**Student:** 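If you scroll down you'll find the structure; I have some questions about it.
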Amino acid sequence: MKKIKWPVILVTTYAFLYQFTPYAGFSDQVVILLFIISPIPVLWMAYKILKNGIPSQRTFDEYFYEDTDYRRNGAMPG
């Protein structure tokens, strides 16, 4: 989890900074620039999470939700 901690912190900070810029008096060009480049850090974070994250031991056929112990009532058709 240490490998994905910093990407999540940095991208979350970037998102808060972006949300704060219009109220802080930044110019429209800066706000638009931050909006245009915002997919880059988000994609970087998603890549780091998918590459270094810990896969779940639960399957969708057994559990409907990852974060609770709710078990499915029946198997998925298919």
Side-chain angles (χ1 to χ4, degrees):
M1 288 300 251
K2 285 188 174 185
K3 290 185 177 183
I4 64 172
K5 179 181 177 182
W6 283 108
V8 171
I9 289 172
L10 291 174
V11 174
T12 303
T13 303
Y14 179 85
F16 281 123
L17 174 70
Y18 171 71
Q19 293 294 318
F20 179 71
T21 54
Y23 303 108
F26 285 83
S27 67
D28 290 343
Q29 289 83 9
V30 172
V31 176
I32 291 170
L33 176 67
L34 290 174
F35 176 75
I36 290 172
I37 64 173
S38 64
I40 295 169
V42 172
L43 290 173
W44 173 70
M45 179 182 66
Y47 171 75
K48 292 300 238 179
I49 289 172
L50 291 173
K51 182 179 176 198
N52 299 319
I54 300 170
S56 174
Q57 300 301 318
R58 297 181 176 190
T59 63
F60 185 71
D61 289 334
E62 295 173 7
Y63 292 92
F64 191 70
Y65 296 104
E66 173 68 25
D67 57 347
T68 65
D69 287 331
Y70 175 75
R71 296 184 70 86
R72 292 185 64 87
N73 292 328
M76 292 290 293

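Bear in mind the structure is a predicted one, so any value in this text is a computation, not a measurement. These numbers come from the heavy atoms of this one structure, side chains and all, not from hydrogens, waters or symmetry mates.
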**Student:** Find the distance between CG (L33) and OH (Y18) and round it off to the nearest 0.5 Å.
**Tutor:**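 So the gap between those two atoms works out to 10.5 Å.
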**Student:** Checking Y14 side chain against L34 main chain: does a donor-acceptor pair fall under 3.5 Å?
**Tutor:**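 Yes.
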**Student:** Starting at OG1 of T21, measure out to CZ of F35 and round the result to the nearest 0.5 Å.
**Tutor:**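 The CZ atom of F35 is 12.0 Å from OG1 of T21, to the nearest 0.5 Å.
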**Student:** Looking at residues at least two apart in the chain, or sitting in another chain, which of them share a side chain to side chain contact (heavy atoms under 4.5 Å, CB included) with V8?
**Tutor:**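 In terms of side chain to side chain contact (heavy atoms under 4.5 Å, CB included), with neighbours along the sequence ignored, V8 is linked to T12, M45, I49.
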**Student:** Rounded to the nearest 0.5 Å, how far does CD1 of I54 lie from NZ of K3?
**Tutor:**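 Between atom NZ of K3 and atom CD1 of I54 there are 11.0 Å.
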**Student:** Suppose the criterion is salt bridge (charged side-chain N to carboxylate O under 4.0 Å, His left out): which pairs have a residue in residues 40-58, not counting sequence neighbours?
**Tutor:**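 Residue pairs with at least one partner in residues 40-58: R58-D69.
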**Student:** Of all residues at least two apart in sequence or in a different chain, which pass the side chain to side chain contact (heavy atoms under 4.5 Å, CB included) check with I9?
**Tutor:**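 Applying side chain to side chain contact (heavy atoms under 4.5 Å, CB included) to I9 gives K5, W6, T13.
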**Student:** Using the side-chain contact (heavy atoms from CB on, under 4.5 Å) rule, take L10 and W44 through it: C-alpha gap first, then chi angles, then the decisive distance, then the call.
**Tutor:** CA-CA 11 Å; L10 291 174; W44 173 70; 4.3 Å; yes
